[in-house]
Enquirer: 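I have a structure I would like to understand better, so I am pasting it below and will then ask my questions one at a time.
Letters A, B, ... are given to chains in the order of the sequence lines, protein chains preceding strands, and every chain is numbered from 1. Only a predicted model underlies this, so the values are computations on that prediction, with no experimental measurement involved.
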Protein chains: 2
Amino acid sequence: MGANAGSIVDNAGRHKGAKAVKESEPHKDSIRSQNERKILRAAELEFVRHGYKGTSMQAIADRADLPKANIHYYFKSKAKLYSCMLENITELWNSTLAEISEGDNPAQVLTRYIRTKVEMSMTYPEASKIYAMEIIQGAPHLHDHLRKRTRQWMREKVRIIESWIVQGKMNPVDPTHLIFLIWSSTQHYADFNTQVLTITNQLEYEQEDIDQITRFLCEVILGGCGLQPDLTVLGSC
Amino acid sequence: MGANAGSIVDNAGRHKGAKAVKESEPHKDSIRSQNERKILRAAELEFVRHGYKGTSMQAIADRADLPKANIHYYFKSKAKLYSCMLENITELWNSTLAEISEGDNPAQVLTRYIRTKVEMSMTYPEASKIYAMEIIQGAPHLHDHLRKRTRQWMREKVRIIESWIVQGKMNPVDPTHLIFLIWSSTQHYADFNTQVLTITNQLEYEQEDIDQITRFLCEVILGGCGLQPDLTVLGSC
DNA sequence: AATAAACCTGACCAGTTAGACAAGAATTGC
DNA sequence: GCAATTCTTGTCTAACTGGTCAGGTTTATT
């Protein structure tokens, strides 16, 4: 991923020699970006339900309410469309992590992190699901990302959590697996929403559920680290 | 699912009018059951990596080292083969839960349950992955199973955990979400094994990892419930 | 108004794949 | 040994789908 992630979407299907749109001002309501957003959203919904191969360009076109050839006009190929969609999602997904430092209060940071992840998982589950399917299938498109960015990110966070432990701010639990635990337990409510909703006999999540689950996870996970959830963060739910 | 789950596999491709095999003795080494097992295993590995539509019968045939027409002989269609495989996996997956009762010791039961799930997830991740993909895609084949069996199973377990809480054996945490937490955190090591291994820079899990992760999850989750992991169960790792 | 760029779209093509089928080979039961 | 049954397999087909393309319309620019 280069310095300008937006460029992946912009100019995707432009004719050779065409003047490039000013990249500094992505023109959020231009025909191009409007249609691209419509297509990407349609693609998410289709890919999530039927997988890569199981989704036809025609199905995406139908859902986006555009003729199929039009999809190919904006995104050269199915593979490109998929990559682009995945890139968007990965970016969104990685943006959930706040900057943290050794001086921070673990309870507050972890409470806020869990809350954010639960909120995102429950309000916009498609992102988590597509990411999950990609990893389950062996991460063919994300191997590099995992090896470089994600591993690096993990190293930083682990270092800081270790410093919290050394400072006696929390129990000595394995930081890597603590993060895995937060990821898995929060994303579960996105990836397995069908199962959760069916078992609890609900049609969809409500704000109340988000609050309750956040509180539950904070209690148990922080409790397991010898911490008390930060009530000021939880209270704002 | 009827009284005899094995019947789904047996007699799958038998010609009409053919005498059925004695169901009481499935003839584990007959040509039929031998080939069926080979095909089902090949199907798992292919379906996990490429999804339902992305997997061709030819690919399954190649992996099973049989001609394609042979796959159709044993399993009438791709859809039947997939259903059959899913059925097997669901059964295996549901068998992990021990019978529990109100008189049991929560620490011991939960420790053992976590250990079993971690072990299965790490030694045979395909089952968890296929189940996960099915749920992520909206559980088209498992909706009934979830609505009836899984929900019922959950009700029973919740009742027992609630009784433990009333007896003061553990902290008052929401039993439903406690079970979701155990499912998500343990299955994570199967479904996301690519991510976990890449981040931790390993090629595959070792026995040591299984032990360490089991210990970690028991500590945090049981700790969050106000319990101490059962060392006699953990010790046997 | 005129020119160019961007956008739209129906029709078409080539590759892939699930499944059918028929004819033959091996096995079993008597 | 001889049926009956089970198993094997090469070949064919109908359906689907990703992608191309030529010719059209609309929009922006000067």
Enquirer: Would one find a side-chain N or O of B:Asn70 under 4.0 angstrom from OP1 or OP2 of D:dG10?
Expert: no
Enquirer: Mark yes or no: B:Lys129 above the aromatic ring of B:Phe47, with NZ or CZ under 6.0 Å from the six-membered ring centre and no more than 45 degrees from the axis.
Expert: no
Enquirer: A:Asp62 has an atom CG; how far is it from atom P of D:dT17, in whole Å?
Expert: 11 Å
Enquirer: Would you indicate, yes or no, if D:dT6 has its OP1 or OP2 atom less than 4.0 angstrom from a side-chain nitrogen or oxygen of B:Tyr74?
Expert: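 Answer no for this pair, as no side-chain N or O of B:Tyr74 is under 4.0 Å from OP1 or OP2.
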Enquirer: With sequence neighbours left out, which residue pairs that include part of residues 130-143 of chain A fulfil the side chain to side chain donor-acceptor pair (under 3.5 Å) condition?
Expert: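 Counting only pairs at least two positions apart or across chains, the side chain to side chain donor-acceptor pair (under 3.5 Å) contacts touching residues 130-143 of chain A are A:Tyr82-A:Glu134, A:Tyr131-B:Gln195, A:Glu134-A:His141.
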Enquirer: Can you tell me which residue among B:Glu44, B:Glu46, B:Gln58 is in a side chain to side chain donor-acceptor pair (under 3.5 Å) with B:Arg63?
Expert: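 Among B:Glu44, B:Glu46, B:Gln58, the one meeting side chain to side chain donor-acceptor pair (under 3.5 Å) with B:Arg63 is B:Glu46.
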Enquirer: What's the separation between atom CD1 in A:Ile39 and atom CE in A:Met57, rounded to the nearest 0.5 Å?
Expert: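 That separation rounds to 8.5 Å.
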Enquirer: For B:Glu36 and D:dT6, what is the distance between atoms CD and P respectively, to the nearest whole Å?
Expert: 13 Å
Enquirer: Starting at atom NZ of A:Lys38, determine the distance to atom P of C:dC7, rounded to an integer number of angstrom.
Expert: 14 Å
Enquirer: Roughly, in whole Å, what's the span from CD in B:Gln34 to P in D:dT8?
Expert: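 For the pair B:Gln34 CD and D:dT8 P, the rounded distance is 10 Å.
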Enquirer: Quick one: does A:Ile210's side chain get under 4.5 Å of A:Thr123's, heavy atoms only?
Expert: yes
Enquirer: Expressed in angstrom and rounded to an integer, what is the separation of A:Phe75 atom CZ from D:dG18 atom P?
Expert: 15 Å
Enquirer: Can you tell me if B:Tyr73 touches the phosphate of D:dC7, counting only side-chain N or O atoms and a distance under 4.0 Å to OP1 or OP2?
Expert: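 Answer is yes, contact under 4.0 Å.
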Enquirer: Can you see if the side chain of A:Arg32 gets near the phosphate of C:dA6 - specifically, an N or O under 4.0 Å from OP1 or OP2?
Expert: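 No.
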Enquirer: Please list, chain by chain and in numerical order, all residues satisfying side chain to side chain contact (heavy atoms under 4.5 Å, CB included) with B:Glu156, sequence neighbours excluded.
Expert: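 Testing B:Glu156 for side chain to side chain contact (heavy atoms under 4.5 Å, CB included), a comparison that skips the adjacent residues, returns B:Gln152.
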Enquirer: Polar pairs (N or O, both sides) under 3.5 Å between protein and nucleotides 18-23 of chain C?
Expert:
unit_1: C:dA18; atom_1: OP1; unit_2: B:Thr55; atom_2: O; d: 3.3
unit_1: C:dA18; atom_1: OP1; unit_2: B:Met57; atom_2: N; d: 3.4
unit_1: C:dA18; atom_1: OP1; unit_2: B:Lys78; atom_2: NZ; d: 3.2
unit_1: C:dA18; atom_1: OP2; unit_2: B:Met57; atom_2: N; d: 3.0
unit_1: C:dA18; atom_1: N7; unit_2: B:Lys68; atom_2: NZ; d: 3.2
unit_1: C:dG19; atom_1: OP2; unit_2: B:Lys78; atom_2: N; d: 2.6
unit_1: C:dG19; atom_1: N7; unit_2: B:Lys68; atom_2: NZ; d: 3.0
unit_1: C:dG19; atom_1: O6; unit_2: B:Lys68; atom_2: NZ; d: 2.9

